[in-house]
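Structure first, then comments.
Side chains included, hydrogens not; waters and symmetry mates left out as well; all remaining heavy atoms used. Every chain is numbered from 1 and lettered A, B, ... according to where its sequence line falls, protein lines coming before strand lines.
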Amino acid sequence: MASAHARTGVVTAEAAKRAAPDVDAHVHVDRLHHVFGRGAAARTVLGSVDFTVARGEHVSVVGPSGSGKTTVLRCVAGLLTPTSGQVRLDGAPVAGPPESLAVVFQDYSRSLLPWLTVRSNVALPLRGKGIPAPHRRERAAEALAAVGLKDSLHQYPWQLSGGMQQRVAIARALAYRPEVLLMDEPFASVDAQTRSDLEDLVLRLKRVYAMTVIAVTHDIDEAVYLSDRVVVLSGHPAEVVESVPIDLGADRDQLTTKSDPRFARLRARVLRAVRH
Amino acid sequence: MRHLRLVAQGLALPLLLVGAWWWVSADSTSPYFPPLREIVAEFADTWLFTGIRDVLLPTLGTFLAGYSIAIVAGVVLGVALAANDAVAGFLAPLLEFLRALPPIALVPAFISVLGLGEEMRISAVVFASIWPVLLNTIDGVRGVDVVIRDSVTVFRVPRAQRLLFVTLPGASPQIVAGVRVGLALSLIAVIVTEMVTSADGVGAFSRSAQLSFDLPAMWTAIILMGFVGYTLNLLFDRLEKRTLRWHLRMREPAS
């Protein structure tokens with residue numbers, strides 16, 4: 001097929017996608033279609049959602065609430081089997097939570113275990129990896145230090161502020177050393193100051209830990225500020241309406257990046273796509 | 001200082017009531033309500049310490065055996081049923097019926113099937129106390145937050161660790177509440193079965209004292225069981241505070 005196009009010299013975008021399977025796609029969300037419920041109550045949430053994420057890329061998925069962003073994320077995490085279509089991780093279809101993937105959930109107060117200390121919370125996922133206890137504790141302490149919580153090891157999550165709890169959730173994901181990090185509205189439940197602190201924390205961590213990141217958010221500023229690319233979901237059922245590369249470079253900070261005219265242009269472009 | 005005041009406050013009413021009992025009953029000639037003085041003398045005679053060994057220990061043995069079987073079986077079955085919606089749904093009406101059945105109503109049936117021995121009494125205690133443990137365990141396990149469940153699923157926490165570090169602790173507030181209800185029901189069951197089987201034990205002792213018009217002895221058994229129940233509840237409170245510390249402190253208003 002590729003040779004046929006080469007002969008005629010006409011390559012449509014659609015054909016190009018088919019002809020050149022994303023060899024370097026780390027995550028491929030492939031024609032994801034999902035229907036909740038059955039019969040009269042059936043509700044099609046995802047039409048055919050299709051996008052890829054390269055290794056090491058940070059992609060934000062934005063869209064109006066109810067647009068199925070979280071459904072996409074749950075399919076990538078292996079928590080939900082789509083009605084049709086699939087998610088491929090390094091080419092292998094996802095069936096159940098992949099070993100190399102971690103999630104930061106929106107609701108930190110519900111995703112952390114209140115009966116375990118901060119360190120035990122971070123160390124718990126390492127039990128399945130066959131890591132001996134002293135190493136688990138060490139790795140948990142390291143990850144907590146990386147998010148600025150080295151003094152809270154022995155506290156319980158509910159003794160910490162919301163922002164600190166979300167840091168614990170991030171540390172839990174980091175200690176797991178995932179290749180893919182998913183974040184579901186990670187900063188939606190914290191105050192504005194904490195939110196920009198956490199955004200900068202994520203930027204910093206991205207440089208230290210080489211991870212592919214997919215974040216779902218309804219906050220367009222945050223999506224543009226943090227990502228290498230923003231994927232816009234829209235419509236009922238949802239489709240990808242636009243994929244906006246964010247060419248703001250790797251060095252970003254709250255003041256200069258957010259007042260950069262390019263930031264404003266990209267922000268406007270994403271916003272238009274969301275409202276489309 | 002503050003501690004002392006609390007202790008004094010806690011003891012004030014019991015001391016007052018005992019004093020009143022002592023004073024009112026001092027000149028009592030009613031055979032049904034002997035003077036407290038006599039009861040106390042009888043108590044020392046009867047229970048210190050041969051009575052505790054020969055009568056109270058068998059009662060506590062039956063209680064402990066039945067109660068611990070009920071807790072272990074109730075939690076194990078509860079976890080299993082909570083994991084299996086179809087079976088749990090199928091069994092739900094039966095479980096609710098058995099729970100609603102006053103456990104003592106089944107004692108005659110237990111006697112005809114199992115006889116008058118220790119197995120019968122232990123079975124009656126198990127039957128009395130297993131339902132709240134079982135049903136609360138099912139509820140508790142199901143009530144573990146979905147976000148917590150998603151988290152441990154995503155992080156591939158293995159099954160055994162999941163049960164130990166996630167499911168059981170998550171369900172523990174409800175399990176403990178069921179176990180507490182079971183405590184009271186177990187004590188009732190052990191005393192009643194002893195009364196109807198005239199075994200060794202406090203229930204049988206009190207019943208036979210009553211039948212032979214030894215009413216001071218009967219009263220001592222009642223007082224003894226009061227102390228036993230009170231002590232067990234106190235121990236339970238301790239245990240609850242320890243195991244559910246996170247749960248209790250989480251609910252305190254933030255400082």
Answer yes or no: are there more than 12 heavy-atom neighbours, outside B:Phe90 itself, under 6.0 Å from its atom CZ?
->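 No, not enclosed.
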
Step through the shown structure and confirm whether more than 12 heavy atoms of other residues, nucleotides or ligands are within 6.0 Å of CZ on B:Phe227.
->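 Open.
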
Where do A:Pro125 and B:Phe155 come nearest, in terms of heavy atoms and distance?
->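 It is CB-CB, 3.5 Å.
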
What part of B:Val154 gets closer than 4.5 Å to chain A, counting heavy atoms only: side chain, backbone, both or neither?
->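 Both backbone and side chain.
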
What part of B:Val152 is in contact with chain A, defined as an atom under 4.5 angstrom from a non-hydrogen atom: side chain, backbone, both or neither?
->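 Side chain only.
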
I need the residue from [options] with the largest number of non-hydrogen atom pairs under 4.5 Å to chain B.
options: A:Gln106, A:Gln159, A:Arg74; value: A:Arg74
options: A:Gly78, A:Ala77, A:Pro98; value: A:Pro98
options: A:Pro114, A:Pro178, A:Gly128; value: A:Pro114

Checking side-chain contact (heavy atoms from CB on, under 4.5 Å) against B:Arg156, which of A:Arg127, A:Lys129, A:Glu99 comes through?
->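 Checked A:Arg127, A:Lys129, A:Glu99 against B:Arg156; only one passes side-chain contact (heavy atoms from CB on, under 4.5 Å): A:Glu99.
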
Heavy-atom contact with chain B under 4.5 Å, split by part of A:Arg172 =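 Looking at A:Arg172, backbone and side chain both touch chain B.
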
In terms of heavy-atom proximity below 4.5 Å to chain B, should A:Leu182 be classed as side chain, backbone, both, or neither?
->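 For A:Leu182, no heavy atom lies under 4.5 Å from chain B.
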
Checking A:Trp115 side chain against B:Phe165 main chain: does a donor-acceptor pair fall under 3.5 Å?
->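 Yes, the answer is positive, given that a donor and an acceptor are paired below the 3.5 Å cut-off.
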
Between A:Arg110 and B:Val146, is there a donor-acceptor pair closer than 3.5 Å when you use the side chain of the first and the backbone of the second?
->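 No, A:Arg110 side chain to B:Val146 backbone: no donor-acceptor pair under 3.5 Å.
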
From B:Ile148 CD1 over to A:Leu113 CG, what is the distance, rounded to the nearest 0.5 angstrom?
->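 Rounded to the nearest 0.5 Å, the CD1-CG separation comes to 4.5 Å.
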
So how far is it from B:Trp246 CH2 to A:Tyr156 OH, rounded to the nearest 0.5 Å?
->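 Those atoms lie 10.5 Å apart.
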
Side-chain touch B:Asp150/A:Phe105, heavy atoms, less than 4.5 angstrom |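 Yes, close enough: below the 4.5 Å cut-off.
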
